[in-house]
Every structure is written in structure tokens, then in C-alpha cells.
Visitor: 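What follows is a structure written as C-alpha cells; I'll ask about it next.
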Amino acid sequence: MTSDNASVLLMQDEELKRQSAYLLSLRKRVEATTNAFDTQRSYLFMLIFMVALLIIACVLAVKAYLAKTKYNARLKDSMRKQKNMTEEMERMTQKQLRFFTNVSHELRTPLTLISGPADRLAEYHGISGEARKLVEMIRRNVGILTQMVSEILEFRKIQNDKATLMLNRFDLASDLKTWADDFRTVAERKQIGISVVAAEEPNVVIADREKIAHIFFNLMTNAIKYTPVKGTIVISLKHADGIYSVSVADNGKGMSGDDAQHIFERFYQASDSVGGTGIGLAIVKAYVDLHRGTVGVESEPGKGSVFTFAIPETQPGYDEKLDKQTLIQADTQLIDDYSVKDVIAKQNLSIVTGSEDYDSNRPLVLIIDDNASMRSYLRSILSLQYNVMEAQNGEEGLAVAKKNVPQLVVCDVMMPVMDGLEFCRLMKDDVSTCHIPIILLTARTLDEQRAEAYNTGADSYITKPFSAETLEARVCNLLKNRSQLRLIFSGSQQEQQEQEALDDKDQSFIKQLRKVIKSHIPDADYSVEDLGDEMGLSRVQLYRKVKALTGYSVVDLLRKARLAKAKHLLETTDMNISEVAYEVGFTTPSYFTKRFKEEYGIKPGEVE
């Protein structure tokens with residue numbers, strides 16, 4: 001560097017510094033621009049993301065709105081359909097009630113025309129014996145029909161909100177004891193004990209006495225109906241905080257929780273209920289509701305039921321003057337005896353005509369029905385031609401059938417404890433009774449119900465109502481056409497064909513019977529009792545079973561087997577008559593010769 005270029009270099013240096021500063025500023029501007037670009041890019045991404053979220057949210061909102069709109073539309077449609085269905089069901093129910101009401105009204109005239117002459121006949125002293133029983137049966141069943149008609153008409157009144165209370169002032173404990181006494185005669189037939197538990201102090205209540213009696217009647221009727229023989233019914237009355245509570249407890253078969261939940265609904269009947277209209281307990285609830293009370297049931301299958309209703313000790317609108325007019329009839333019996341008599345049936349398992357005569361030409365017929373009047377009616381039809389036994393349900397009938405082995409059974413289908421279908425199934429599964437023809441009597445008329453009955457083994461199915469002539473003809477034909485082994489121990493093809501006509505259980509029984517008898521042919525001391533022991537049957541069971549399948553008594557069958565064996569020995573061996581007689585179990589040759597000639601028409605010595 002010299003003095004000549006010093007100024008130039010200084011200028012260059014300053015220019016360099018200026019350029020450096022400018023470059024530095026440019027660099028800063030580039031960095032700032034880059035940072036701004038990155039920031040803007042981030043904002044752009046965030047904006048895009050937010051827009052996407054917004055679009056998704058909008059789409060979801062639209063979908064939710066559409067779904068909600070569609071759901072609301074469906075819900076409204078469903079509610080509309082449900083409302084229409086409810087209205088339609090209510091209309092149908094009202095139509096049914098109107099129909100039953102109309103029919104009930106129409107029934108009153110013929111019921112009157114039946115009950116009037118029946119009452120006059122009952123008062124006529126010239127009627128006695130079987131005729132009087134039939135008249136009493138007519139009067140009893142007219143009473144039952146009248147009670148059912150009254151219930152239907154009363155239920156119709158309740159449905160139309162026209163039922164009102166006729167208030168009385170009375171001692172509830174005293175009346176409960178009186179009403180319970182009305183059931184004692186009926187309960188004694190099943191040896192059911194009835195007790196009333198109530199405080200001795202006055203239990204005065206203001207209520208509709210007749211409706212309270214009706215409530216009690218319905219609860220007691222059900223209790224007696226489903227309480228077993230030698231069971232108990234306890235009626236309890238409690239008073240606390242202005243409320244009277246009455247309970248009717250039995251140790252009967254009880255009901256399931258589902259049945260208990262719906263038992264007070266109109267037309268509802270428990271799964272194993274027998275008979276009835278399904279409105280009795282609905283009327284109970286309606287009457288209790290009229291008294292501003294409550295009603296309920298506690299039940300357990302196999303352990304019984306406790307029905308309880310509670311009402312206030314007083315009701316609004318009580319008029320003492322009006323009460324005095326209604327109490328004129330307070331001492332009359334509120335329970336119609338004819339409407340109660342058929343709630344239960346007398347135990348009558350030993351009513352037999354000539355059944356002890358096992359060689360009688362009159363076949364033994366077993367009648368099974370829970371309705372005493374129906375059993376009496378069937379007995380009146382059949383007893384002229386047959387020996388008759390009775391049972392009041394399938395379980396008792398099964399025990400009687402196994403013990404006595406009747407030639408035929410006439411059985412109702414709908415019965416408590418064990419119904420006719422289960423009875424039929426068990427009869428056909430037992431070797432001692434599987435051969436017995438069974439006629440089922442029923443009000444069930446559908447084809448599938450008829451098919452179900454035949455599938456259980458029933459031999460005939462008669463729907464109610466039926467004529468006496470139809471039943472007599474069916475019984476006669478079944479006894480006449482029953483398959484029998486007319487030939488046995490003959491070894492012929494016909495005997496084989498006759499055996500194949502029997503069902504499997506009877507074929508097995510005949511094979512075992514033939515095997516046991518053949519193995520004891522030489523034993524002169526072998527008796528009917530010995531044969532029964534080996535077959536696992538009592539003397540009666542064995543006799544009736546053998547008689548039904550072969551037409552012969554057991555003694556005749558043993559003799560036929562011995563004679564058939566003797567004939568075979570005479571034909572195939574050189575044994576003389578005495579040797580053959582002793583070989584087949586005869587104690588004397590002369591008796592053997594006599595029986596042989598009776599059986600084959602020739603003497604033993606003439607056998608070739």
C-alpha cells in the first residue's frame with residue numbers, strides 16, 4: 001500500500017463493509033421471509049385441518065339429524081301403530097265383552113226355563129233313586145251356569161265404570177267366620193281344614209258387604225280347588241292404622257312368579273289352571289279397587305299361595321238410613337251352595353260294582369273326572385252294562401288302574417294334579433296297563449289337540465258335549481275289537497300273526513309269559529301266585545292282563561300250555577298216557593284224559 005493507492009484502498013474497504021452490511025441485511029430479510037413462510041404454512045395446515053374437521057362435523061351433524069329425523073319418524077309410526085293396535089285390541093275386547101254379555105243375557109231365559117221345572121221336579125215326592133240324582137245334577141249345574149252368567153254381567157258393568165258400592169256397617173270378623181262356615185261342608189269332602197284367625201274384639205267396617213263376600217267367595221273357591229286332600233286353609237284378619245287386611249292362605253300347588261304377576265288381569269289363567277273363565281280374580285281386584293284398597297298374592301310352586309286384600313275401615317258417602325234398608329237381608333247366606341259343590345269332588349276311589357268277581361262277564365270300566373257330577377252322569381250311563389270304578393284326577397286314576405287293571409278307561413283331559421294326557425302317556429308306558437283302551441273326553445276340538453291326544457296313546461277321543469249313545473257305542477266297540485290271542489301255545493302261523501297284531505310292550509309281555517309258563521309245565525304245584533311273582537305283577541294285575549290279551553284266565557292258560565306240551569309228547573315220543581300226564585304237571589291220568597278230550601276232541605290214546 002502507498003500514498004498513491006491509500007485512498008483507493010480505503011474506499012474499497014468502505015465499499016466492502018457496505019456490501020457486507022448489505023449482504024447481512026439481505027440475509028436477515030431472507031431469514032425473516034423464511035420464518036414468515038414457515039409460519040404461514042403452519043397456519044395454512046391448521047386452517048386446512050380445521051376446515052376438514054368442520055366438514056366432518058357438518059357431515060356427522062347432517063347424518064345425525066337425518067338419523068334422528070328417521071328415528072323420530074319411525075318412533076312416531078311405531079307409536080301410531082301401537083296406539084292403533086291398542087285401540088283395536090280394546091275394540092275387540094269390548095266386542096268380546098258385548099258378545100259374552102249378549103250371550104249371558106240370552107242364557108238367562110233358558111236357564112230360568114231349566115231351573116224352574118227342575119225345582120218343581122225336585123219338590124215332587126214321586127221322584128226317587130236315580131231320577132232324583134239326575135234332577136239334583138240339573139239343579140246344581142244350572143246354579144253353576146247362573147253364577148258364571150252373573151260374573152260375566154258384573155264384569156261388563158265394571159268395564160263400563162258402572163259398578164258402585166252399596167255401603168254397609170258390619171262386623172268383618174263375624175261375617176268372615178260365617179262365610180267360612182258355608183265352605184266347611186264342601187271342604188270336608190277333601191278333608192281340608194279351615195280356620196279363621198281374628199281378634200275377638202269388634203272389627204266394624206264400612207264397606208259393600210255383598211262385594212266383600214264375593215271377593216271372599218272367589219278367593220276361597222280357588223283355595224279349595226287347588227288345595228290337596230287333607231290340606232289346610234287359614235283365613236286371617238288384621239286391623240292396623242285404619243286398614244283391614246284379610247288373607248286366605250292354602251298349602252296347595254302354588255303358582256309361578258309369572259302367573260302371580262298377571263293373575264289379577266282380565267281373562268288371564270295360570271298355565272296349569274283347571275276350568276274357569278279367567279275373570280273371577282279380575283272382579284276381585286275391581287271390587288277391591290272400588291273400596292280404594294289393594295290386593296296381591298304371594299305364591300311358590302309346591303308350597304301354596306297367600307291371597308291378601310286390604311281396604312280402609314270406612315268409605316266416603318256412607319248413609320246410615322240406606323244401610324238399614326240393605327241390612328234386612330244381611331242374615332241370608334251369600335254363598336250359593338250349588339255354585340260351590342262342584343269346585344271339588346268327593347274322594348271315591350273304591351266305588352266298584354262287582355269288581356271283586358274277577359271271572360264276571362261284566363268288564364270293569366274306570367271313570368276319571370274331577371267333576372263329581374260328570375262322574376255320576378258317566379256312571380249312570382255305564383253301570384247297567386259294566387262294573388264301574390271312579391277317580392277324581394289322573395294321579396289317583398293311575399293308582400286305581402295299576403291296582404285293579406280295568407278293561408277300559410274313560411278319562412277327562414283337563415284335570416288338576418295330573419291331566420288326562422299325562423295319565424294316558426303313563427298308562428301306555430307301564431307293562432301292566434299298556435293294553436287298556438283309553439277314551440279321552442274333552443272340550444278341546446282342534447285337530448292338533450286331537451293329534452296330541454292320539455300321540456299319547458289314546459284309543460278314542462270324544463268331544464263335549466256328547467250323547468250317551470255315542471259313549472256307549474265307543475266303549476262297546478273298543479272292548480269288542482280289542483286284539484286278542486285266540487290261539488296260544490299252538491305254535492301255528494295264525495298264533496304268530498295274532499301276536500304281531502299286539503303292540504311292542506304286549507308282545508314282550510306275551511313272550512315272557514310263554515317262556516315262564518313253559519319252564520314250569522312239569523311242576524304240578526306251580527300256582528297263579530308263583531307266576532305273578534315271576535312276572536312282577538299282583539294276582540289281580542296278572543289275571544286282568546292275561547284275560548284282556550288272550551281271553552283266558554291264568555288257570556286256563558296254564559292248562560292249555562300243559563295240554564299243548566302233552567300233545568307234542570304223544571306225537572313225538574313213545575311215552576304212555578300216565579307218563580305224559582305226570583310229565584306235564586297233571587296229578588292224575590284220568591283228569592288229564594278228561595281235559596285233553598275237552599281241548600282237542602279226542603282221547604290221548606287216539607293221538608297218532
Side-chain angles (χ1 to χ4, degrees), residues 1-96 159 161 240-243 254-271 282 285-286 288-289 292-301 303 306 308 310 312:
M1 185 175 74
T2 62
S3 57
D4 293 331
N5 61 5
S7 58
V8 175
L9 291 174
L10 181 61
M11 292 176 61
Q12 290 177 347
D13 181 66
E14 290 177 351
E15 182 65 23
L16 182 62
K17 289 181 179 179
R18 187 181 65 80
Q19 291 292 335
S20 296
Y22 179 71
L23 289 173
L24 184 60
S25 66
L26 287 176
R27 182 180 177 184
K28 290 181 177 180
R29 289 172 64 184
V30 169
E31 289 178 353
T33 301
T34 303
N35 291 336
F37 175 77
D38 291 338
T39 301
Q40 290 176 358
R41 185 172 60 181
S42 299
Y43 286 155
L44 181 62
F45 287 155
M46 290 178 63
L47 181 61
I48 293 172
F49 180 73
M50 291 180 66
V51 170
L53 287 179
L54 183 61
I55 293 173
I56 293 172
C58 289
V59 171
L60 292 176
V62 170
K63 287 185 176 180
Y65 175 78
L66 293 176
K68 185 176 180 181
T69 303
K70 189 175 181 180
Y71 172 77
N72 288 336
R74 285 202 307 265
L75 182 61
K76 289 181 181 178
D77 185 63
S78 176
M79 292 177 64
R80 180 178 56 80
K81 289 181 179 179
Q82 186 174 1
K83 182 180 179 181
N84 292 340
M85 186 180 299
T86 302
E87 291 175 351
E88 182 62 23
M89 289 179 64
E90 187 62 26
R91 282 195 295 269
M92 290 179 64
T93 300
Q94 291 301 322
K95 287 180 180 178
Q96 289 176 346
Q159 290 297 108
D161 296 325
D241 302 324
I243 299 294
M255 69 183 79
S256 66
D258 185 62
D259 284 335
Q261 185 179 356
H262 301 284
I263 197 66
F264 293 102
E265 296 176 3
R266 61 186 181 184
F267 306 127
Y268 183 85
Q269 290 184 289
S271 56
K285 186 178 188 308
V288 173
D289 290 342
R292 300 179 296 120
T294 59
V295 63
V297 60
E298 295 179 0
S299 186
E300 186 175 349
K303 295 188 178 180
V306 181
T308 304

Visitor: I need the minimum non-hydrogen distance between Ile243 and Ala310, along with the two atoms involved.
Guide: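 In terms of heavy atoms, the two residues are closest at CG2-CB, 3.8 Å.
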Visitor: Starting at CG of Leu75, measure out to NZ of Lys68 and round the result to the nearest 0.5 Å.
Guide: 11.5 Å
Visitor: Taking only residues two or more places apart in sequence, or in another chain, which ones meet Arg18 in a side-chain contact (heavy atoms from CB on, under 4.5 Å)?
Guide: Glu15
Visitor: Output the distance between atom OG (Ser78) and atom CG (Asn72), rounded to the nearest 0.5 Å.
Guide: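 Rounded to the nearest 0.5 Å, the OG-CG separation comes to 12.5 Å.
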Visitor: Looking at CE of Met50 and OH of Tyr43, how far apart are the two atoms once the value is rounded to the nearest 0.5 Å?
Guide: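 Going from CE on Met50 over to OH on Tyr43, the span is 12.5 Å.
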Visitor: Report the distance from atom CG of Leu26 to atom CD of Gln19, rounding to the nearest 0.5 Å.
Guide: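 So the CG of Leu26 and the CD of Gln19 are separated by 9.5 Å.
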Visitor: Check Ile263 against Val297 and note the closest heavy-atom contact, atom names and distance.
Guide: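 The answer is CG2-CG1, 4.0 Å.
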Visitor: Output all residues satisfying side chain to side chain donor-acceptor pair (under 3.5 Å) with Lys83, sequence neighbours left out; order by chain, then residue number.
Guide: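 Per chain and number, Lys83 pairs via side chain to side chain donor-acceptor pair (under 3.5 Å) with no residue.
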Visitor: Given His262 and Asp258, is the side-chain contact (heavy atoms from CB on, under 4.5 Å) satisfied, shown in steps?
Guide: CA-CA 7 Å; His262 301 284; Asp258 185 62; 3.6 Å; yes
Visitor: Salt-bridged, Arg80 to Asp77, with N to O below 4.0 Å?
Guide: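 So Arg80 pairs with Asp77 through a salt bridge.
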Visitor: Measure the CG-OG1 distance between Asp38 and Thr33 for me, rounded to the nearest 0.5 Å.
Guide: 11.0 Å
Visitor: Could you measure the distance from the CZ atom of Phe37 to the OG1 atom of Thr39? Nearest 0.5 Å is fine.
Guide: 10.5 Å
Visitor: Report the residues that fulfil side chain to side chain donor-acceptor pair (under 3.5 Å) with Ser299, sequence neighbours left out, ordered by chain and then residue number.
Guide: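 Counting only residues at least two positions away or on another chain, Ser299 forms a side chain to side chain donor-acceptor pair (under 3.5 Å) with Ser305.
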Visitor: For the CD atom on Gln82, are there more than 12 heavy atoms of other groups (residues, nucleotides or ligands in this structure) within a distance under 6.0 Å?
Guide: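 Not more than 12 within 6.0 Å, no.
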Visitor: Do other residues, nucleotides or ligands put more than 12 heavy atoms under 6.0 Å from the CZ atom of Arg27?
Guide: no
Visitor: How far apart are the C-alpha atoms of Phe49 and Met46, what are their side-chain angles, what is the distance that settles it, and do they pass the side-chain contact (heavy atoms from CB on, under 4.5 Å) test?
Guide: CA-CA 5 Å; Phe49 180 73; Met46 290 178 63; 5.6 Å; no
